Amino acid sequence: MEKLILFNFILIAFIALGLWLIKKFVKKERTQNIILAAAAIFTILLHYSTFAFRLLTGNGAMEYLRVTPNLILPIYPCNVVMWSALIFGFLKNKRSRLGSFFADYLFWFGIISTLVGMFANMDFINNPTLADYENFKSIAAHATLLFNVLLLPFFGYIKIDVKRNITNIVISIFVMAAIGGYCNLVFHALASEAVAYDVNSMFLIHSPFEGLAFLTYPVIALIAVPVYFAVFVICDLCAHIKGERFYNRVKKQEDEALL
């Protein structure tokens, strides 16, 4: 695990350097949009790099695809974040209501899923070596995705607004549940019930944690909502002065409604 932690801190140092350089030299929104799209594309290329290499060399690409279901459908939360980053990167109006939804989802949920993918990487845990390209690729792809996610506040797409933030997170929870249900149904229909159980998209079928059978996606979601709300409230207290915080705005709206 020491190798994994050291490698991740090296990656985070490169991410910090990249963010600093972008903050210092990138000012135009058009350039920012190009960087967002390029970062998203690079992560996807890295994600599919082993499959592409096997396909080009004729080295068991289809067998590799069969045993790597997240190359077929976005079965893990970080897969959804990865494709959402691509959608956001090419979204024409990133400051629209749809844009704000993707920005909040990517930032608030993406940070957690990418850091978990880096520091609790199951590929590395099952085979603790960085000499294996699969391990290297898996960790590096989460790092490039983290870089993509952290670009959002630097480019001004993240706003501390408790109502907006919690609304978008709740919507995200239902969207991810729908994606997970769809993926499980597809694998059940095209392969078997056993395959769908093993895939366990979004952890809807069973808990990913040994000894914690109750901790399936619905339970995780119920825990996540109050935690996120608390985080948003704390951020709101730090970001806004007294009189401009979310509860002040709520009270003002209630007073206006009574008039």
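On a predicted model such as this, the values are computed, not experimentally measured, just so you know.
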With the 4.5 Å side-chain cut-off for hydrophobic clustering, are [X] and [Y] part of the same group?
X: Ile75; Y: Val175; result: yes
X: Met176; Y: Ile205; result: no
X: Phe53; Y: Phe51; result: no
X: Trp20; Y: Leu146; result: no
X: Val116; Y: Ile15; result: yes

Would you say [X]'s side chain and [Y]'s backbone share a donor-acceptor pair under 3.5 angstrom?
X: Tyr64; Y: Leu55; answer: no
X: Ser207; Y: Phe203; answer: no
X: Ser172; Y: Asn168; answer: yes
X: His206; Y: Tyr197; answer: yes
X: Thr114; Y: Ile111; answer: yes
X: Asn248; Y: Gly243; answer: yes
X: Asn126; Y: Asn121; answer: no
X: Asn8; Y: Leu4; answer: yes

Side chains of [X] and [Y]: closer than 4.5 Å at any heavy-atom pair?
X: Thr216; Y: Leu204; value: no
X: Phe214; Y: Leu212; value: yes
X: Phe229; Y: Val162; value: yes
X: Cys235; Y: Trp108; value: yes
X: Asn79; Y: Leu73; value: no
X: Asp132; Y: Phe124; value: no

[Y] versus [X], side-chain donor and acceptor atoms under 3.5 Å:
X: Thr167; Y: Arg164; result: no
X: Asp123; Y: Asn135; result: no
X: Tyr157; Y: Gln32; result: no

Notebook entry, point to check: Given Asn33 and Phe155, is the side-chain contact (heavy atoms from CB on, under 4.5 Å) satisfied, shown in steps?
Noted result: CA-CA 9 Å; Asn33 290 337; Phe155 293 164; over 6 Å; no
When rounded to the nearest 0.5 angstrom, what distance separates [atom1] in [X] from [atom2] in [Y]?
X: Phe25; Y: Thr31; atom1: CZ; atom2: OG1; value: 13.5 Å
X: Ile139; Y: Thr144; atom1: CD1; atom2: OG1; value: 12.0 Å
X: Ile5; Y: Ile10; atom1: CD1; atom2: CD1; value: 12.5 Å
X: Asn200; Y: Tyr217; atom1: CG; atom2: OH; value: 12.5 Å
X: Leu46; Y: Ile41; atom1: CG; atom2: CD1; value: 13.5 Å
X: Asp236; Y: Cys238; atom1: CG; atom2: SG; value: 9.0 Å

At their closest point, which heavy atom of [X] faces which heavy atom of [Y], and how far apart are they?
X: Pro208; Y: Leu215; answer: CD-O, 3.7 Å
X: Cys78; Y: His142; answer: SG-NE2, 3.4 Å
X: Ala85; Y: Asn148; answer: CB-ND2, 3.8 Å
X: Gly18; Y: Phe147; answer: C-CE1, 4.0 Å
X: Leu130; Y: Lys3; answer: CD1-O, 4.1 Å
X: Asn165; Y: Lys159; answer: ND2-O, 3.1 Å

Notebook entry, point to check: How about Tyr105 and Phe88: are their ring centroids closer than 6.0 Å?
Noted result: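 Centroid distance Tyr105-Phe88: not below 6.0 Å, so no.
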Mark yes when over 12 heavy atoms from residues, nucleotides or ligands other than [X] sit less than 6.0 Å from its [atom1]; otherwise mark no.
X: Tyr133; atom1: OH; value: yes
X: Lys27; atom1: NZ; value: yes
X: Arg97; atom1: CZ; value: yes
X: Phe119; atom1: CZ; value: yes

Next item on the list: Apply side-chain contact (heavy atoms from CB on, under 4.5 Å) to Ile169 and Phe232, showing your working.
Entry: CA-CA 11 Å; Ile169 287 297; Phe232 297 149; 3.7 Å; yes
Margin query: Is there a side-chain contact (heavy atoms from CB on, under 4.5 Å) between His47 and Leu145? Walk through the geometry before answering.
Written below: CA-CA 10 Å; His47 180 60; Leu145 187 56; over 6 Å; no
Below 3.5 Å, can you tabulate the donor-acceptor pairs from side chains in residues 178-189 to any protein atom, sequence neighbours excluded?
| unit_1 | atom_1 | unit_2 | atom_2 | d |
| --- | --- | --- | --- | --- |
| Asn184 | OD1 | Ser201 | N | 2.9 |
| Asn184 | ND2 | Gly180 | O | 3.2 |
| Asn184 | ND2 | Ser201 | O | 3.4 |

Check: Can you list the steps and then say if Glu134 with Asn127 is a side-chain contact (heavy atoms from CB on, under 4.5 Å)?
Finding: CA-CA 10 Å; Glu134 282 300 300; Asn127 179 26; over 6 Å; no
